[in-house]
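One structure is given below, encoded as structure tokens.
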Amino acid sequence: MSDISILGIFVADISFSGDKIPSSGETILGDSYNIGPGGKGCNQAIAISRLGGKVSFISKLGNDNYGKLAINSLKKNNIDISNIIVSNKHKTGVAGIHVDRNTGKNAITVIRGAPESFTIKEIKTNIIKNSKIFLTQLEIPLDVTLHCLKKTKEEGLINILNPAPACNLSKDFFKVIDYFTPNETEAEFYTGIKINNEKDAKESAKKLIKMGIKNVIITLGEKGLFYSNGKEEIYMKANRVKAVDTTGAGDAFNGGFSFALLKGKKIKDCLKFANKIAGLSTTKLGAGDSMPTLKELDKSKKVRHY
Ligand code: RIB
């Protein structure tokens with residue numbers, strides 16, 4: 001039995017770090033690269049497991065070298081892989097990531113591979129039933145994602161939808177979501193409201209609550225986050241860190257938040273904890289590989305971030 005089940009993709013992230021993100025038609029010489037676990041679901045699973053949560057990852061891989069990389073990384077991180085389908089017909093996905101080492105900002109192209117062929121029939125709902133929290137994103141086909149979200153509500157679980165990458169969702173989605181965690185760009189996609197300040201974030205959250213979502217958390221990058229459940233509102237600044245690579249920071253946030261929620265912490269403490277995990281994840285190159293361990297978290301308490 002797992003505390004948290006995660007539906008999502010694994011892809012091999014191939015990250016290139018350099019002085020800038022190349023423009024269209026431009027070739028630049030970079031300075032380092034990393035090949036490691038990626039895909040929002042996989043990164044979130046690693047984040048939770050490294051903090052001590054029991055995680056089951058529901059996904060689909062190809063029977064190839066990157067599929068082996070996935071299994072090794074997930075096993076190494078103590079993640080339950082018994083609900084991963086290995087397909088002989090499809091390839092494991094990859095993502096090409098350019099990172100600007102000066103700002104930590106990135107540009108990503110994801111080729112999902114095997115999970116693109118995921119069907120509702122392939123989902124064993126007893127995995128979901130046996131956990132306390134269900135966390136997912138929008139990298140799995142939408143009908144499968146909605147089916148699982150509905151099941152979580154029938155079974156009385158808490159669910160969290162990290163609506164990334166942003167895409168058109170039917171009204172049915174908004175009725176079954178407990179926690180909706182877009183970043184500022186994704187929030188703009190769902191509400192049409194451009195977020196420049198706290199007031200805009202408040203407006204955007206209000207609109208999302210009106211759509212039927214119970215709790216909205218809009219992450220605002222280095223500006224922090226805004227939370228609302230329609231009654232309580234919290235604005236929180238981000239932790240100041242020297243960011244090397246922001247890839248996966250949203251995943252670290254969602255993982256940290258789910259873990260704190262599992263531990264029964266109050267919403268403000270869950271947000272504070274998630275903020276800290278997200279900040280720490282930006283201090284290393286890579287996505288899944290940059291998720292902080294408990295040891296790193298403890299060490300960071302003694303270090304003053306800047
Ligand atoms: O959130 C970051 C992740 O998005 C990367 O690991 C990449 O693979 C994409 O799925």
Side-chain angles (χ1 to χ4, degrees), residues 6-17 21 33-50 55 57-62 66-67 69-70 73-74 77 79 84 91-100 103-116 118 135-142 144-145 160-167 180-187 189 217-222 225 243-258 274-275 277-292:
I6 299 186
L7 171 71
I9 68 167
F10 167 95
V11 290
D13 275 1
I14 310 178
S15 316
F16 307 93
S17 173
I21 295 172
Y33 79 98
N34 183 63
I35 302 180
K40 296 180 194 301
C42 165
N43 300 338
Q44 294 173 8
I46 295 179
I48 296 167
S49 188
R50 286 189 177 179
V55 188
F57 187 43
I58 309 165
S59 196
K60 197 164 178 179
L61 301 168
Y66 286 141
L69 170 73
S73 311
L74 295 164
N77 282 288
I79 293 162
I84 292 184
K91 285 185 181 170
T92 305
V94 285
I97 306 181
H98 287 281
V99 180
D100 178 334
T103 60
K105 299 223 160 117
N106 59 53
I108 309 179
T109 302
V110 182
I111 308 295
R112 293 181 295 173
E116 241 182 295
F118 230 138
L135 169 63
T136 195
Q137 324 73 32
L138 296 174
E139 291 185 322
I140 291 285
L142 291 184
V144 179
T145 306
I160 303 166
L161 176 65
N162 173 217
C167 64
F180 191 69
T181 60
N183 65 19
E184 58 205 307
T185 323
E186 288 144 10
F189 177 89
I217 304 166
I218 305 175
T219 54
L220 307 167
E222 62 266 27
L225 64 88
V244 170
D245 179 5
T246 58
T247 317
D251 303 328
F253 182 90
N254 278 277
F257 180 76
S258 309
N275 234 350
I277 301 299
L280 280 175
S281 77
T282 66
T283 59
K284 278 192 243 162
L285 183 61
D289 280 340
S290 72
M291 298 300 151

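Indexing begins at 1, ligand by ligand and atom by atom, following the structure's order.
- The closest approach between a heavy atom of G248 and any atom of ligand 1 is below 4.0 Å.
- Relative to atom 4 (O) of ligand 1, the option among Q44, R112, K40 with the closest non-hydrogen atom is K40.
- You'll find the side chain of Y66 reaches within 4.5 Å of the side chain of L69, heavy atoms only.
- Using a 4.5 Å heavy-atom cutoff, the side chains of V55 and L135 are not in contact.
- With sequence neighbours left out, K91 forms a side-chain hydrogen bond (donor to acceptor under 3.5 Å, both in side chains) with no residue at all.
- Of the listed residues (I111, V110, D13), just one forms a side chain to side chain contact (heavy atoms under 4.5 Å, CB included) with V94, and that residue is I111.
- Of the polar atoms of G39, at least one N or O is found under 3.5 Å from an N or O of ligand 1, judged by distance alone.
- Using a 4.0 Å cut-off to heavy atoms of A287, the atoms of ligand 1 that qualify are 6 (O).
- In this structure, of V11, N162, D13, I97, the residue bringing a heavy atom nearest to atom 6 (O) of ligand 1 is D13.
- The single protein non-hydrogen atom nearest to atom 10 (O) of ligand 1 is E139 OE2, 2.7 Å, given as residue, atom name and distance.
- Residues passing the side-chain hydrogen bond (donor to acceptor under 3.5 Å, both in side chains) test with D245 are T247, sequence neighbours excluded.
- Per-residue contacts place D251 under 4.0 angstrom from the following atoms of ligand 1 (heavy atoms of the residue considered): 1 (O), 2 (C), 3 (C).
- Here the side chains of I58 and F118 are in contact, with some heavy-atom distance below 4.5 Å.
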